[in-house]
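Reading through the structure tokens given below for one structure.
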Amino acid sequence: MQQQIKELEQQARQLETSAKERSAMFEKAQDYGEDFLETLSEQSAYVDSNSMGKGVYELPFDENPREFEELLKVLQLEVDKPGLNPASGKHAGYIPGGGLYPSAIADYLAAVTNRYTGVFFSSPGAVRIENMCIRWMNDLVGYPDGAAGNLTSGGSLANLIALVIARDNSGIKAKDFERTVIYTTQQVHHCVIKAIKFAGLREATIRTIPMDDRFRMKAKALEEQIKVDKSDGLIPLTIFASAGTTDLGAVDPLNDIGNIADQHNLWFHVDAAYGGFFLLTKHGKEMMAGIEKSDSATIDPHKGLFLPYGSGALLVKDGQKLYDSQHMTANYLQDTLKATEEASPADLSPELSKHFRGLRMWLPLQLFGVQPFRAALDEKLLLTRYFYNKIQQIDGIEVGPKPELSVAFFRYVPDSDDANKFNKKLVNEIHRDGRVFLSSTHINGTVFLRAAVLNFRTHLTEIELILSVLREKIQKLAAN
Ligand SMILES: *Cc1c(COP(=O)(O)O)cnc(C)c1O
């Protein structure tokens with residue numbers, strides 16, 4: 001048996017790279033990263049390709065090893081070419097973010113050391129770092145001591161956990177779900193509707209409260225609806241407001257909604273996945289006044305803090321409620337229970353083993369300090385207003401309301417052609433061109449293009465390029 005073990009060891013040890021192998025590999029990876037970053041400003045924001053990365057299938061997993069170079073080539077041609085380039089400052093579609101370099105280094109370090117951040121006992125320092133990030137965000141939102149939170153993979157998971165706490169905290173049972181009511185607007189992110197399904201609340205009623213002409217929830221209409229529902233014997237459960245809708249960047253009147261939630265004893269959640277970090281700016285603070293009245297909030301560091309994808313956060317004013325909803329013990333975890341100075345992430349989320357997500361947020365905040373983030377966010381707000389003013393100088397352009405945060409929406413109204421058809425053609429034309437990336441949406445059946453300015457690499461030059469591509473494409477299409 002010893003002989004057999006030794007033979008297997010020999011083979012298994014291939015997984016333990018040597019110092020020489022590691023530094024060779026690291027060097028190649030670094031060259032790859034540098035080549036990517038150094039050419040980023042010349043790269044397309046979108047590559048419309050026929051093969052759509054199919055080449056990755058040409059290297060199926062095999063019993064035998066492959067060369068790193070060969071794999072990097074595949075990465076370069078089949079992965080980092082086709083489709084959207086979210087690292088590009090010329091990407092102003094959906095909600096961009098970018099991906100800060102120190103976060104990549106943090107991910108590398110976190111993966112190399114592989115600290116286990118599920119429980120405080122196993123990696124106290126790492127858990128302190130995560131909780132520090134959460135405390136900083138709780139302060140930003142204006143939550144008191146006793147608040148808690150969790151670093152999630154993104155806003156969708158944060159919204160799901162928030163809904164589950166609201167459900168658990170209310171004490172409703174499955175038999176009540178049919179009478180349960182959730183209040184939001186038609187502009188809420190679709191992941192909230194998914195979350196309602198995942199939380200078992202498929203049968204609940206979703207009330208989309210009317211919006212004003214700037215697509216913000218009408219607080220008065222909300223209150224009236226809650227009263228009607230109560231008198232009809234329904235169970236108002238939670239209000240899901242938005243602080244920066246994804247489509248249009250609209251901020252619901254959080255202060256008024258907070259008062260209504262308080263008066264009627266509803267769980268008040270603010271989805272600030274996109275808009276939350278504008279709280280670092282004076283303008284954002286004013287726009288989101290009242291957010292501190294919420295019971296919970298979602299905020300996405302991979303949007304407004306420019307982290308790479310995979311970083312969302314749920315913040316909860318009364319941390320105990322998060323714990324009550326999410327914690328569970330297991331026999332094999334009994335040794336971990338003695339370390340209680342800091343909350344353990346696994347007690348505050350459905351996840352157990354997870355990536356050490358806090359490091360990718362902690363490192364850039366420490367290395368740069370907060371000030372450049374604040375400046376970048378203020379810059380994006382101004383760039384959006386600049387874009388909004390400039391785009392109106394193109395003949396035939398119709399704009400939406402003045403942007404509240406960093407999303408501007410607009411469309412071209414042609415003389416003869418159908419406007420929706422024209423704007424769909426326009427966005428397709430922009431995608432085919434690829435120099436810049438914008439996405440479109442539709443509001444009450446009308447197609448609009450959006451410019452969402454949130455990549456940290458988007459500056460005046462990129463905005464001018466977006467404007468000039470738009471001018472060019474509109475001229476071309478209008479001439480046809
Ligand atoms: C992006 C976004 C989400 C979803 O977050 P993910 O991080 O993509 O899971 C939810 N709500 C709003 C308002 C968003 O902008």
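Remember, it's 1-based here, ligands and their atoms both numbered in the order they're listed.
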Would you mind reporting whether Phe373 and Pro364 have side-chain heavy atoms less than 4.5 Å apart? yes
Do Asp256 and Leu222 make a side-chain contact, defined as non-hydrogen atoms from C-beta onward lying under 4.5 Å apart? no
Measuring only between side-chain heavy atoms, which start at C-beta, is Leu234 closer than 4.5 Å to Arg207? yes
Could you list which atoms of ligand 1 come closer than 4.0 Å to a heavy atom of Tyr274? 15 (O)
Kindly give the heavy-atom pair with the smallest separation between Ser406 and Leu454, and that separation in Å. OG-CD1, 4.3 Å
Show the atoms of ligand 1 that are less than 4.0 angstrom away from any heavy atom in Gly244. 13 (C)
Non-hydrogen atom of Gly312 closer than 4.0 Å to ligand 1: no
Which ligand 1 atoms does Ala273 reach within 4.0 Å, using its non-hydrogen atoms? 2 (C), 3 (C), 10 (C), 11 (N), 12 (C), 14 (C)
Between the candidates Val270, Thr298, Leu157, Thr246, which shows the shortest non-hydrogen contact distance to atom 13 (C) of ligand 1? Thr246
Option whose closest heavy atom lies nearest to atom 4 (C) of ligand 1, chosen from His302, His190, Gln187, His189: His189
Would you check if Phe448 and Asp247 make a side-chain contact, meaning some heavy-atom pair closer than 4.5 Å? no
Mark up the atoms of ligand 1 that fall under 4.0 Å of a heavy atom belonging to Cys191, in ascending order. 10 (C)
List every atom of ligand 1 that sits less than 4.0 Å from any heavy atom of Ser156, numbering the atoms from 1 in the order shown and giving each element. 4 (C), 5 (O), 6 (P), 9 (O)
With atoms numbered from 1 as shown, which atoms in ligand 1 lie under 4.0 angstrom from a non-hydrogen atom of Gly155? 5 (O), 6 (P), 7 (O), 9 (O)
Shortest protein contact, atom 14 (C) of ligand 1 (heavy atom only): Lys303 NZ, 2.9 Å
Option among Asp252, Ile239, Leu254, Leu315 that satisfies the side chain to side chain contact (heavy atoms under 4.5 Å, CB included) test with Val270: Leu254
Distance from atom 11 (N) of ligand 1 to nearest protein heavy atom, with residue and atom: Asp271 OD2, 2.6 Å
Can you confirm whether the side chains of Trp267 and Ser296 place a donor and an acceptor under 3.5 Å from each other? yes
Ignoring hydrogens, what is the shortest heavy-atom contact between Tyr32 and Leu75? Give both atom names and the distance. OH-C, 3.5 Å
